[in-house]
Number of protein chains: 2
Amino acid sequence: MFELDIRSRKPIYEQLVEKLKELIINDVLKGDEKLPSVRELAQQMTINPNTIQKAYRELESQGYIYSQKGKGSFVHPVEKSENKEELNKVREELKKLFAEAIYLGITTEEIQAMLREVEGGEPHD
Amino acid sequence: MFELDIRSRKPIYEQLVEKLKELIINDVLKGDEKLPSVRELAQQMTINPNTIQKAYRELESQGYIYSQKGKGSFVHPVEKSENKEELNKVREELKKLFAEAIYLGITTEEIQAMLREVEGGEPHD
DNA sequence: TAACTGTACTATTATTATTAATACAGTTGT
DNA sequence: ACAACTGTATTAATAATAATAGTACAGTTA
């Protein structure tokens, strides 16, 4: 499914959250698609089930997946602008990053080009 | 100078790095301006000097400040696109954030508006 | 019923962050 | 030369967090 950097200083569960978020955002994992079960993924990656569970719990609280006892965990289909907290967090991060990028000398033209590039590749329906 | 969230799960030295970077990027701390000494800042914030040093070391490795034995630590004046590693890291983060923002339903128009906003407020010379 | 699911809990270990106490070398002003 | 600053380095002890291990319970499915 993906790989983690075991010797990174970033906690495993955080890396898991990031990677899964990426897959969901890039529509590799489609809406309502079932994720590997906690135990299954744990075995695949040879890490502890509790660590997977922690990542799933985090993803759920951020609104990216939902879980049902006995059934499994699934990708939360996007209903636009649903998670307001997450939305504002992203807005804040964008502003910070823009300031940093400009500070480092990245031109607004380049930034806009990157935006168009990402925009073009994201018809997630 | 600023405040840290002592009960955040994010390490103190990381918070320090972020805050200082922000001040530098937003030109609150000007080029070649002297930062508080390791011991001084440690006393002000009632945290250990080693923690400050760790943050300063990180900022130096990222190219945001420079330090001189016996003299102090200073804001590194920007010579555009100097730190290529940092540049590419920011580019990568931008792409990820764009994808996430679009996924969450933020329009490209809004993103462009935010960019213009930040752009306008950053004549750091 | 058997074999799956998520979830919760406690205990233990491993890893990392933070503090603490020194020490040394360079700078600055007196 | 001296005192009082600077950054830097090192070692040790403690605190905080991440990760593992083992177990249990409730819901689902065939």
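Every chain is numbered from 1 and lettered A, B, ... according to where its sequence line falls, protein lines coming before strand lines.
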query: B:R39 and B:Q43: side-chain contact (heavy atoms from CB on, under 4.5 Å), yes or no, with the steps?
result: CA-CA 6 Å; B:R39 293 172 180 81; B:Q43 195 170 16; over 6 Å; no
task: Test side-chain contact (heavy atoms from CB on, under 4.5 Å) on A:K34 and A:S73 and set out the steps.
output: CA-CA 6 Å; A:K34 187 174 180 306; A:S73 298; over 6 Å; no
query: Hey, mind stepping through A:E58 and A:K21 against salt bridge (Lys or Arg N to Asp or Glu O under 4.0 Å) and telling me if it holds?
result: CA-CA 11 Å; A:E58 176 66 17; A:K21 241 162 109 167; over 6 Å; no
- request: Evaluate the ring-ring contact (aromatic ring centres under 6.0 Å, His included) criterion for residues B:Y64 and B:H76: first the C-alpha distance (whole Å), next the side-chain angles of each, then the deciding distance (0.1 Å), finally the verdict.
  value: CA-CA 5 Å; B:Y64 286 91; B:H76 199 144; 9.1 Å; no
task: Carefully, step by step, assess A:N50 and A:Y13 under the rule side-chain hydrogen bond (donor to acceptor under 3.5 Å, both in side chains).
output: CA-CA 9 Å; A:N50 295 331; A:Y13 78 95; over 6 Å; no
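Atom CD of A:E58 is separated from atom P of D:dA19 by 13 Å (rounded to the nearest Å). Atoms CD1 (B:I52) and C1' (C:dA20) sit 15 Å apart, rounded to a whole Å. Going from atom CG of B:N48 over to atom C1' of C:dA20 covers 6 Å, rounded to whole Å. Rounding to whole angstrom units, CD of residue A:Q68 and P of C:dT7 are separated by 10 Å. Distance B:L59 CG to D:dG7 P: 13 Å, rounded to the nearest Å. Rounded to an integer number of Å, the gap from B:R39 CZ to C:dT19 P is 16 Å. Atom C1' of nucleotide C:dT5 and atom CG of A:L41 are separated by 14 Å, given to the nearest angstrom. Regarding A:Y56, its OH atom lies at a distance of 10 Å from the P atom of C:dT5, rounded to whole Å.
Listed for the A:E100 side chain is no donor-acceptor partner under 3.5 Å among the backbone atoms of B:V90.
When the nucleotides D:dT6, D:dT20, D:dG27 are ranked by their closest atom to the side chain of A:K69, D:dG27 comes out on top. Residue A:N50 places its side chain closer to C:dC9 than to any other of C:dC9, C:dG6, C:dT18. For A:Q53, counting side-chain heavy atoms from C-beta on, the closest listed nucleotide (C:dT7, D:dA21, D:dG7) is C:dT7.
A salt bridge does not link A:K19 with A:E3: every distance from a Lys NZ or Arg NE/NH1/NH2 to an Asp or Glu carboxylate oxygen is 4.0 Å or more.
Atom NZ of B:K71 and atom OG of B:S37 lie 15.5 Å apart (nearest 0.5 Å).
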Tabulated below should be each protein N or O lying under 3.5 Å from an N or O of nucleotides 16-18 of chain D; please produce it.
{"residue": "D:dA18", "atom": "OP1", "partner": "A:Y13", "partner atom": "OH", "Å": "3.2"}

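Inter-residue side-chain proximity for A:I65 and A:I24 is flagged as met; some heavy-atom pair is nearer than 4.5 Å. Side-chain contact check for B:L94 versus A:F98: some heavy-atom pair is nearer than 4.5 Å.
Mapped onto DNA chain D by nearest heavy atom, A:I47 and B:G70 fall at different nucleotides, with B:G70 at the one closer to the 5' end. Each of A:K71 and A:R57 was matched to the nucleotide of DNA chain C holding its nearest heavy atom; the match closer to the 5' end belongs to A:K71.
Applying the 4.0 Å criterion to OP1 and OP2 of C:dG6, one finds that A:S67 has every side-chain N and O outside that range. Phosphate contact (OP1/OP2 of C:dT18, side-chain N/O of B:T51, threshold under 4.0 Å): absent.
Within the nucleic acid shown, B:Q15 has no heavy atom closer than 4.0 Å to any nucleic acid atom.
Each end of the helix from C:dT1-D:dA30 to C:dT30-D:dA1 gets its own axis from five base pairs, and the two axes differ in direction by 30°, given to 10 degrees.
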